[in-house]
Trainee: 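Starting off with a structure, shown below.
Throughout, protein chains are lettered first and strands after them, A, B, ... in sequence-line order, and every chain is numbered starting at 1. Bear in mind that the values here come from a model prediction, so they are computed numbers and not experimental data.
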Protein chains: 2
Amino acid sequence: MSRTTIHDIARELKTSAATVSRALNDHPSISTATKESIRKAAQRLNYRQNRTASSLRSGKTFVVGVIVPSVQISFFGSVIHGIEQVIKNQGYNVLLFQTNEQYEDEVQGVQTLLQSNVDGIIASISKETIKYDHFLEVKHRNIPLVLFDRSIDELEVPAVVIDDYKGAFMATEHLIQQGYKRIAHISGPQHIRIFHERLRGYVDALKAYGHQVDGDLITYGKLSIDSGRACTQHLLRLAHPPDAIFAVEDFSALGALQVIKESPWSQPGQIGLVGFANEAFSAYITPSLTTIDQQTALMGQEAATIFMNLRQEESNPTGPPQKIVLEPTLVVRQSSLKRQETID
Amino acid sequence: MSRTTIHDIARELKTSAATVSRALNDHPSISTATKESIRKAAQRLNYRQNRTASSLRSGKTFVVGVIVPSVQISFFGSVIHGIEQVIKNQGYNVLLFQTNEQYEDEVQGVQTLLQSNVDGIIASISKETIKYDHFLEVKHRNIPLVLFDRSIDELEVPAVVIDDYKGAFMATEHLIQQGYKRIAHISGPQHIRIFHERLRGYVDALKAYGHQVDGDLITYGKLSIDSGRACTQHLLRLAHPPDAIFAVEDFSALGALQVIKESPWSQPGQIGLVGFANEAFSAYITPSLTTIDQQTALMGQEAATIFMNLRQEESNPTGPPQKIVLEPTLVVRQSSLKRQETID
DNA sequence: CTGAAAGCGCTTACAG
DNA sequence: CTGAAAGCGCTTACAG
């Protein structure tokens, strides 16, 4: 019942384990006839390569570690999908680590992936992370590291992001063009670049259209439904409340929408709302959520492709790390459309 | 720059690799003093165990393979979360494989996981799968295999499911109690047990309440928004259309809801709707979707716990495989509430 | 085109 | 309590 090894095949065919190994790996110096008979024997004996042994010897595991806050956020699920598409064809697999947005889990994840000898790591950092030693270790060990979406400039590693500034600008511009006058922003943790960029895009769009930037209308949330609720409650209680909200991501926007719907004096249609991320639920809520699409599958594919290229280079830092910036798209749905006020 | 090994530590402390290995694994026969100094040296030299080498020698990888149709379905994301919670504490990690509901991908996934020497596999089968040889091989190799949700009785392996019959009965009963008279069912592939069970629950609830079971009102879909749309269009075009629909899962229900909303002569509130799974979006669509909750996190935890127990047994089949059946819960939201007809 | 031999970095009976 | 030695199943220079 114990598993077939290359030695079993070698014995069967009266050849050597080396030849069997070469044949199964399609090594050019093995004759076609030999390869053929070895392959047949392998199949007959139900041979399966022992990847662990192969990895130990060759130094390659064909495993890519993927670190994300949570697969339950459809954005990350979708990116993982894109990653898998690309690497599967090259014989790679995904070893998954969820951080639950916790710094400690992220550190532990990196350690585990290092111990597992992954051939590379593709990651999006947790919102709690403000120290990067664990990622620096990856870099110093010359293990290909690619960040996506939530990247960290100071790490100086390749990254795939969308143009968050531009996306935020478009979102805000859209609200302005709809005729909203006091546009608030629910932002996110500023140490993560993308959230800061979105804030910048918001501010610059207001300025570009001659709107005043009012610090009271900018709140800092935590990227969750509950946080979106809290921020919105705060905004609606202002002496001079907003007539529109641009939320830094869709979960915050969803929280905002809930509060808006519950509040008697602020129905949807009166308060414009735009999110960011085009989460799975965003098209189906009511009103459906106007948001910024991030080309998630493409983001995953690009990150995986960078890894594939990096993998060969082997520690020759050829200039600054590659950075791919994808174009955001505005997806207009109902939540941002301004209702005609003539009814009142 | 090459990685520290136990030999490096041994040399440093003038002891043997065997002792270093034992000390780092907290072997009882090593003195506390020795352990202490070895641990310190390991830390100082930034030692990280090479899991590949450890696995090859010990035969354990501390990796659990998880096979699911797609992490983008929040149900599966949530179960994976539950699995990770349990196994992380025991030092295990998740090697992820998505099948995209394709039989070929599932077979390939199993092969890869076998080659990777995973210590066990936790899986939910693809809807396209009707042959199970790949899973039989796992079983025959004595690798712990646990199925969840979409399980296969004939494989005779442990499984965690919810009581799908009961959930479907509850869903249908709820619609009956709301006063709906012609309740349709959008079902799923019948070779997967849970979908057949849900159909049974639907039929039996109708019978239990003296409703007629009308074959015209039962359609067989493919578990997707589009499929739900198609089935619903078909149902609404019947000479004698339904006044309520119980959908086999939430994506089908979402498709149904879209068609209902688009159709001028069948607004929500007139056509009752219940789904199954309590997907992430279900609470937020309008009308919010009444559905059956499946205790996803618990399902993952239970599956992981079974694996943990199985792992020790080592091929002594002690009676029939364990089967855990979780209780479903009816989550009543707006989509199933019957509007008073007095308005007309 | 093929084989013998070394070795990847651990773990673990066996011996003391 | 500690060490020497074998070996997990591969891959790969080296030699022919």
Trainee: Taking the cut-offs as 6.0 angstrom to the six-membered ring centre and 45 degrees off its axis, would you call B:K60 and B:F62 a cation-pi pair?
Mentor: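 Positive - B:K60 is close enough to the ring of B:F62 and near enough to its axis.
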Trainee: Looking for any heavy atom pair under 4.0 Å, which part of the strands does A:T34 touch: base, sugar-phosphate only, or nothing?
Mentor: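 Sugar-phosphate, backbone atoms only, no base.
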Trainee: Where the side chain of B:I30 is concerned, which of C:dT11, C:dG9, D:dT2 is the nearest nucleotide?
Mentor: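 Ranking C:dT11, C:dG9, D:dT2 by closest atom to the B:I30 side chain puts D:dT2 first.
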Trainee: To the nearest angstrom, how far is B:D8 atom CG from C:dG9 atom C1'?
Mentor: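 Between C1' of C:dG9 and CG of B:D8: 11 Å.
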Trainee: Could you work out which one of C:dC10, D:dG9, D:dT11 sits closest to the side chain of B:A53?
Mentor: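 Among the listed nucleotides, the one closest to the side chain of B:A53 is C:dC10.
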Trainee: Between C:dG16 and C:dT12, how far is it from one C1' atom to the other, in whole Å?
Mentor: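 Those two atoms are separated by 16 Å.
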Trainee: A:S31 has a side chain; which of C:dC1, C:dC8, D:dT2 sits nearest to it?
Mentor: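 That would be C:dC1.
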Trainee: Taking only the side-chain nitrogens and oxygens of A:Y47, find out if one of them lies under 4.0 Å from OP1 or OP2 of D:dG9.
Mentor: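 A:Y47 to D:dG9 OP1/OP2: no side-chain N or O under 4.0 Å.
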Trainee: Within the 4.0 Å heavy-atom criterion, would you say B:S54 contacts the bases, only the backbone, or no part of the nucleic acid?
Mentor: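 It contacts sugar-phosphate atoms only.
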Trainee: Starting from C1' on D:dG9, measure out to CZ on A:R3 and report it in whole angstrom.
Mentor: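 Whole-Å distance recorded here is 9 Å.
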Trainee: Does a donor on one side chain sit under 3.5 Å from an acceptor on the other, for B:T52 and A:N117?
Mentor: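 A:N117 and B:T52 do have a side-chain donor-acceptor pair below 3.5 Å.
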Trainee: Any ion pair linking B:E12 and B:K40 (charged N to carboxylate O, less than 4.0 Å)?
Mentor: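 Result for this pair is no, no salt bridge flagged.
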Trainee: Quick check: on DNA chain D, is the nucleotide nearest A:R22 upstream (toward 5') of the one nearest A:T5, or the reverse? Name the residue that is more 5'.
Mentor: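 Result: A:T5.
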Trainee: Between A:S78 and A:T296, do the side chains contain an N or O donor and an N or O acceptor separated by less than 3.5 Å?
Mentor: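 Present: a donor and an acceptor within the cut-off.
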Trainee: Once you round it to whole Å, what is the distance between P of D:dT2 and NZ of B:K14?
Mentor: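 Nearest whole value for this atom pair: 17 Å.
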Trainee: Roughly how many Å is it from CG in B:N117 to P in C:dT11, rounded to a whole number?
Mentor: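 Nearest whole value for this atom pair: 16 Å.
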Trainee: What is the distance, to the nearest angstrom, from the CZ atom on B:R51 to the P atom on C:dT11?
Mentor: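 These atoms are roughly 11 Å apart.
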Trainee: Can you check the A:N50 CG to C:dC10 P distance for me, whole Å?
Mentor: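 Checked: the CG to P distance equals 17 Å.
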Trainee: Kindly indicate, with the supporting measurements, whether the criterion side-chain contact (heavy atoms from CB on, under 4.5 Å) is fulfilled by A:D153 and A:K323.
Mentor: CA-CA 10 Å; A:D153 281 351; A:K323 186 147 194 167; 2.9 Å; yes
Trainee: Let me know the distance between CZ of A:R57 and P of C:dC8, rounded to the nearest Å.
Mentor: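 These atoms are roughly 8 Å apart.
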Trainee: Within the structure shown, what part of the strands sits under 4.0 Å from A:S29 by heavy-atom distance: base, sugar-phosphate, or nothing?
Mentor: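 The answer is base, as A:S29 lies within the cut-off (heavy atoms under 4.0 Å) of a base atom.
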Trainee: Under 4.0 Å from OP1 or OP2 of C:dG3: is there any side-chain N or O of A:T19 that close?
Mentor: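 For C:dG3, OP1/OP2 do have a side-chain N/O of A:T19 under 4.0 Å.
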Trainee: Provide, to the nearest angstrom, the distance between the CG atom belonging to B:L13 and the C1' atom belonging to D:dG3.
Mentor: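 After rounding, the reported distance stands at 15 Å.
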Trainee: Just compare C:dG9, D:dT2, D:dA4 and give me whichever is closest to any side-chain atom of B:T15.
Mentor: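 Among C:dG9, D:dT2, D:dA4, the one nearest the side chain of B:T15 is D:dT2.
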Trainee: Classify the angle between the aromatic ring planes of A:F75 and A:F148 as parallel (below 30°), tilted (30 to 60°) or perpendicular (above 60°).
Mentor: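 The rings of A:F75 and A:F148 sit tilted, inter-plane angle from 30° to 60°.
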Trainee: Between D:dA4 and B:S16, is there an OP1 or OP2 to side-chain N/O distance shorter than 4.0 Å?
Mentor: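 For D:dA4, OP1/OP2 do not have a side-chain N/O of B:S16 under 4.0 Å.
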Trainee: Looking only at the side chain of B:A18 (C-beta and beyond, no hydrogens), which of the listed nucleotides D:dA5, D:dC10, C:dA5 gets closest?
Mentor: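 Output: D:dA5.
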Trainee: If D:dA15 has a Watson-Crick or G-U wobble mate with both distances under 3.5 Å, name it; if not, just say none.
Mentor: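 C:dT2 is the nucleotide pairing with D:dA15.
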